[in-house]
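Only one structure is covered here, and it is reproduced in the block below.
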Number of protein chains: 2
Amino acid sequence: MDKSHQSQSDVSAALKSAGMQVTAQRLAVYRAVQTSPHAMADEICQTVREDLGVISRQAVYDALNTMSENGLIRRIQPAGSPARYEHRVDNHHHLACRKCESLIDIDCAVGEAPCLTAKSDHGYLIDEAEVIYWGICPACQQ
Amino acid sequence: MDKSHQSQSDVSAALKSAGMQVTAQRLAVYRAVQTSPHAMADEICQTVREDLGVISRQAVYDALNTMSENGLIRRIQPAGSPARYEHRVDNHHHLACRKCESLIDIDCAVGEAPCLTAKSDHGYLIDEAEVIYWGICPACQQ
DNA sequence: TCCAATTATGGACTGAGTCAATAATTGGTT
DNA sequence: AACCAATTATTGACTCAGTCCATAATTGGA
């Protein structure tokens with residue numbers, strides 16, 4: 001199954017199995033995240049409003065937070081940017097442009113997390129290696 | 001030379017060679033960053049105030065920003081945390097605790113940046129691979 | 001159908017950081 | 001040594017992203 005294209009009922013089931021209730025707001029927020037990956041909270045809020053008509057800013061934040069905590073979506077926060085959300089929850093990385101703040105996905109060569117091993121774990125129980133490649137995107141290189 | 005223990009005159013010289021003026025505020029901010037690595041802006045502000053007596057919050061932010069831009073210090077921003085600053089500017093990584101927000105340095109096995117190569121660079125000119133290992137620190141494992 | 005628990009709404013509020021106008025410093029020049 | 005243009009510091013208002021909280025509405029199991 002293509003994890004990056006969850007159907008409505010898949011999302012519904014995922015919410016339930018995480019012990020969350022299924023609401024129109026949550027489904028719509030998930031759809032918005034799916035439609036525009038790497039979008040920020042207020043962009044998602046706008047998208048959902050075009051869809052549902054009305055939703056409170058708080059409901060969007062709640063949905064994004066609980067769905068992130070339950071692994072339905074993933075939150076990314078590159079330095080200097082507000083939080084962004086994506087529906088891809090497999091282990092992949094990101095490529096960020098220092099100039100235009102654009103962000104794109106990069107597949108992880110290894111697959112399952114953590115894909116890198118630290119030289120020494122200093123006693124930490126490491127579960128994820130978050131990698132962000134920083135550079136200049138093709139458009140900004142002119 | 002141990003890059004992690006710049007003397008006052010080294011800092012002074014580094015500021016000059018970056019085209020920046022040498023001021024008491026900047027030297028004090030650098031000292032504060034050196035003294036408590038991974039500190040946040042307001043902590044640095046406090047430390048500098050114990051040192052100089054008075055400094056404006058804005059002067060602290062200015063010093064931190066310009067020194068970061070000129071490579072004298074490094075800014076790190078783990079998700080969910082305000083910006084932190086460190087005087088180590090060599091290529092190393094970080095280990096963050098999901099519970100207590102503690103952050104420690106991890107040496108990079110490779111050395112010079114970028115220490116990782118992306119599977120595909122998508123036309124980006126990559127200059128850095130930022131790696132944050134996420135896990136639970138020894139103290140929080142109880 | 002009912003009801004307890006969960007979720008949404010609306011509005012005030014916080015924290016981190018920036019903006020912009022004015023005052024003070026710095027460091028090269030005569 | 002004094003001057004002066006450019007840089008830097010101060011002050012206070014302001015923005016942006018996000019949280020808190022009390023109340024109202026919805027959900028889904030009994």
Side-chain angles (χ1 to χ4, degrees), chain A residues 8-9 11-30 32-33 38-49 51-70 72-73 75-85 101, chain B residues 8-9 11-30 32-33 38-49 51-70 72-73 75-85 101:
Chain A
Q8 197 81 347
S9 56
V11 179
S12 196
L15 285 166
K16 276 178 196 152
S17 74
M20 304 168 64
Q21 295 193 354
V22 180
T23 66
Q25 288 87 340
R26 285 177 179 168
L27 292 174
V29 166
Y30 186 92
V33 171
H38 307 147
M40 293 167 289
D42 67 329
E43 290 168 343
I44 291 163
C45 202
Q46 302 231 3
T47 308
V48 173
R49 275 172 184 161
D51 183 358
L52 292 189
V54 288
I55 191 174
S56 67
R57 213 164 44 98
Q58 190 58 42
V60 173
Y61 276 107
D62 282 352
L64 292 171
N65 286 339
T66 49
M67 292 198 296
S68 298
E69 278 160 22
N70 288 290
L72 278 96
I73 60 176
R75 167 196 278 129
I76 40 185
Q77 252 171 283
S81 161
R84 292 154 178 254
Y85 300 86
E101 294 272 291
Chain B
Q8 197 81 348
S9 56
V11 179
S12 197
L15 285 167
K16 276 177 196 153
S17 74
M20 302 169 64
Q21 294 193 354
V22 180
T23 66
Q25 287 89 339
R26 286 178 177 166
L27 292 173
V29 166
Y30 187 92
V33 171
H38 307 148
M40 293 168 290
D42 68 329
E43 291 169 342
I44 290 163
C45 202
Q46 302 231 3
T47 309
V48 173
R49 276 174 183 159
D51 182 359
L52 291 189
V54 288
I55 191 174
S56 66
R57 211 165 44 99
Q58 191 58 41
V60 173
Y61 276 107
D62 282 352
L64 291 171
N65 286 339
T66 49
M67 292 199 296
S68 297
E69 278 159 21
N70 288 291
L72 278 95
I73 61 177
R75 166 196 278 130
I76 40 185
Q77 252 172 283
S81 161
R84 292 154 179 253
Y85 299 86
E101 293 274 288

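Excluded from the calculations below are hydrogen atoms, water molecules and symmetry mates; all remaining heavy atoms, backbone and side chain alike, are included. Order of the sequence lines fixes the chain letters, A, B, ..., with proteins taken first and strands second; residue numbering starts at 1 for each chain. Everything numeric in this text was worked out from a predicted model, so none of it was measured.
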- Query: Between A/Glu43 and A/Arg84, does a side chain to side chain contact (heavy atoms under 4.5 Å, CB included) hold up when you go through it step by step?
  - Reply: CA-CA 10 Å; A/Glu43 290 168 343; A/Arg84 292 154 178 254; over 6 Å; no
For atom [atom1] of [X] and atom [atom2] of [N], their distance in whole Å:
{"X": "B/Gln77", "N": "C/dA16", "atom1": "CD", "atom2": "C1'", "result": "10 Å"}
{"X": "B/Gln46", "N": "C/dG15", "atom1": "CD", "atom2": "P", "result": "13 Å"}
{"X": "B/Tyr61", "N": "D/dG12", "atom1": "OH", "atom2": "C1'", "result": "15 Å"}
{"X": "A/Leu15", "N": "D/dT26", "atom1": "CG", "atom2": "P", "result": "19 Å"}
{"X": "B/Glu69", "N": "C/dT18", "atom1": "CD", "atom2": "C1'", "result": "13 Å"}
{"X": "B/Arg84", "N": "C/dA16", "atom1": "CZ", "atom2": "C1'", "result": "14 Å"}
{"X": "B/Met40", "N": "C/dA16", "atom1": "CE", "atom2": "C1'", "result": "11 Å"}
{"X": "B/Leu52", "N": "D/dA9", "atom1": "CG", "atom2": "C1'", "result": "12 Å"}

- DNA chain C nearest-nucleotide lookup for A/Arg57 and B/Gln58: closer to the 5′ end is A/Arg57
- Task: Would you check, one step at a time, whether the test side chain to side chain contact (heavy atoms under 4.5 Å, CB included) holds for B/Arg75 with B/Asn65?
- Result: CA-CA 8 Å; B/Arg75 166 196 278 130; B/Asn65 286 339; 2.4 Å; yes
- Side-chain N or O of B/Asn65 closer than 4.0 Å to phosphate OP1/OP2 of C/dG17: no
- Item | salt bridge (Lys or Arg N to Asp or Glu O under 4.0 Å) partners of B/Asp51, counting only residues at least two apart | B/Arg31
- Contact summary for A/Pro82 and A/Gln77, nearest pair of heavy atoms: C-CG, 4.3 Å
- Query: Closest heavy-atom contact between A/Ala24 and A/Leu52?
  - Reply: O-CD1, 4.0 Å
- Item | Proximal nucleotide (of C/dC19, D/dG18, D/dA13) relative to the A/Pro82 side chain | D/dG18
- Message: If we ignore hydrogens and angles and just use 3.5 Å, is the side chain of B/Arg26 paired with the main-chain N or O of B/Gln21 as donor and acceptor?
- Response: yes
- Item | Modelled atom types, side-chain donor and acceptor of A/Gln58 and A/Asp62, under 3.5 Å | yes
- Sugar-phosphate means primed atoms, P, OP1 and OP2; the rest is base. With that split, encode nucleotides 3-8 of chain C 5' to 3' as B, S or - using protein heavy atoms under 4.0 Å. ---SSS
